[in-house]
Amino acid sequence: MGICKIREWKDLENHFNEVKNQTLTTLFLDDKNRAKQFTLTDCGWFVDFSKNLVTQKTLQLLIKYAEHQKLGDEIANMFAGEKINRTENRSVLHVALRNLSGNPITLEGKNIMAGVNSVIGRMESLARKIRSGKWKGYSGKKIKNVINIGIGGSDLGPVMIYEALKFYSERSLNIRFVSNIDATHLTEQLYDLNPEESLFIVASKTFTTQETMTNAESAKRWILNHFNEQEAVRNHFVALSTNLEAVKAFGIDTDNMFEFWDWVGGRYSLTSAIGLSLMIALGPDNFRALRNGFFKADTHFRQKELKANIPVIMGLIGIWYNNFYGSDTLAILPYDQYLHRLPAYLQQTDMESNGKGVDRQGVPVNYQTGPIIWGEPGTNGQHAFYQLIHQGTKIIPCDFIGFVNSLNRLGDHHEKLMANFFAQQEALAFGKNEARLIAEQVNSDQIPFRIFEGNRPSTCFLAEKLSPETLGALIAFYEHKVFVQGVLWNIYSFDQWGVELGKQLAGNILKELPKNAPATLSHDSSTNQQIEYFKSKRNDD
Ligand code: G6Q
């Protein structure tokens, strides 16, 4: 039975028809305690949901639906290591990577915490060696450059966190990331580096990903062209992977391999060995604080009742807009320059997880699933796309993320930044009506263009400062929100079959691209003509 036939879902539809014309202005006028009633605080975050188009009854009905979908049991099943990633027959235990409770987590009769802690210990020891200059390159020089080669889940998390926590990083180290198979990425990242001072981290769960292995092979050639000795690979490469044999075949000493496990999904892996570049950049203590932030939010998610559970409320409100108001997107608007890669990171977390069109029974869904995630740091976005959010024809729920204190105190920059943070949410919610424009003596012919209808929803996330701990908690909130929504849409959130077809076709096309390869012309006429054009215009070098 599709979710739309469930009684609790129908109750939500009826409720929506009753309240769809409600305005935030009246909701606030009718309830003086609204702000307090719709705010939750925990894990260093103050989360104000009050500027959303929901009433207590809306939340009650959403929670009833969540109970019908057995959300509580699903959460418990994930933490218990059930194979909830059914289409890949795997457990989903990224929560074990940051389990700082000291309690075991058992999978198939084995406590997996021993492995997790042992890898973390080895990562700490490598990070210390590099930070102290004990780890030497092949010619005996200290390592100054650390280049992570990975893509998707083996790149986006480390890049985002490195940028976000740069303030806490060891500035004498140059940390770089290469993901794109486009040679420009590797070339530009290596442009000003000395091979003798460079260490590559090849980050790939499978160690077969085309982009990563192509970049890693080119990086190896760069090192070997310089040293001309195979032995040099040992000093300049380490691997993060589950694939021991492939790491060996690449020539990396398996002592320098940091393992993780098939119960860690790529996009949920940043606190596993995949975080090695972060451990090096930030140091073991900050990395632990980051994991502790995740751990606190995991504990919150696992223990709080649904109505007081931040990721659950985020998920429920998202469903309300996505499936009842018909919103297609969610804007992530961090008011902190350090978080400039957060929207890109959350794009993968959310869109790869919940971009699914078939339910858990394998039946195409007849309702909307995962939203489009996008965004840019404030205030840049205000001078670009906020126009559409304020006065366009679409409802775009927005997550505003800000901090009470800046890490870089400079004059009144932070007050100005945060004045914008508060003002934008206020303007979106309450707008500006005709009466106010008249009072401001705006010319009558201009009035229609200057009306802000308001009623544009937003959620405010505020923490005292950006720290490894607050950031870890925030990321875990979003991870769990995605899980909640997957349960409520009855879809599987932890596979990603949608990335396979393109890979398969690219493999076939690659064989056709050399100039002298026979034209197969086996595709549609558009693809055929693009390939022919490409081949006809290639330089012969
Ligand atoms: C994430 C996905 C995907 C994956 C990359 C890299 O959940 O599985 O983004 O992380 O395709 O895969 P490897 O780490 O195996 O190279």
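Start at 1 and go down the list; that is how both ligands and their atoms are numbered. Residue indices begin at 1 and follow the sequence shown. Quick caveat, the model's predicted, so the values are computed rather than measured.
- Close contacts between ligand 1 and S204 involve ligand atoms 13 (P), 14 (O), 15 (O), 16 (O) [criterion: under 4.0 Å to a heavy atom].
- Contact atoms of ligand 1 toward E352: 1 (C), 2 (C), 3 (C), 7 (O), 9 (O) (distance under 4.0 Å to a heavy atom of the residue).
- Residue nearest to atom 8 (O) of ligand 1, selected from K205, K503, Q496, Q348: Q496 (by heavy-atom distance).
- Note: H236 and F227 meet the aromatic proximity criterion, with ring centroids under 6.0 Å apart.
- Distance check on atom 13 (P) of ligand 1: some protein heavy atom falls below the 4.0 Å cut-off.
- Ligand-side atoms of ligand 1 in range of R267: 1 (C), 7 (O), range being under 4.0 angstrom from any heavy atom.
- Among protein heavy atoms, the minimum distance from atom 10 (O) of ligand 1 is reached at G153 N, 3.0 Å.
- Note that K356 lies outside the cation-pi zone of Y492, set by a 6.0 Å cut-off to the ring centre and a 45° limit from the axis.
- Counting atoms of ligand 1 from 1 in the listed order, those under 4.0 Å from a heavy atom of T209 are 12 (O), 13 (P), 15 (O), 16 (O).
- Y325 and Y321 have tilted rings, their planes meeting at an angle from 30° to 60° on a 0 to 90° scale.
- Only one option out of D350, I332, I373 pairs with Y478 in a side-chain contact (heavy atoms from CB on, under 4.5 Å); it is I332.
- The nearest heavy-atom contact from the protein to atom 6 (C) of ligand 1 is I151 O, 3.2 Å.
- Within the listing of ligand 1, atoms 9 (O) sit less than 4.0 angstrom from a heavy atom of G152.
- The aromatic rings of F301 and H480 lie parallel to each other, their planes meeting at an angle below 30°, with 60° marking the opposite boundary.
- Scanning the protein for heavy atoms near atom 15 (O) of ligand 1, the closest one is T206 OG1, 2.6 Å.
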Original post:
Would K296 and E469 satisfy salt bridge (Lys or Arg N to Asp or Glu O under 4.0 Å), going step by step from the backbone distance to the final call?
Top reply: CA-CA 9 Å; K296 284 187 173 167; E469 216 171 272; 2.8 Å; yes
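- Against a heavy-atom cut-off of under 4.0 Å, S154 is close to the following atoms of ligand 1: 10 (O), 13 (P), 14 (O).
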**OP:** Step by step, work out the side-chain hydrogen bond (donor to acceptor under 3.5 Å, both in side chains) result for W261 and T242.
**Re:** CA-CA 6 Å; W261 306 271; T242 53; over 6 Å; no
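- Classification of the Y367-W9 ring pair by plane angle, with boundaries at 30° and 60°, yields tilted.
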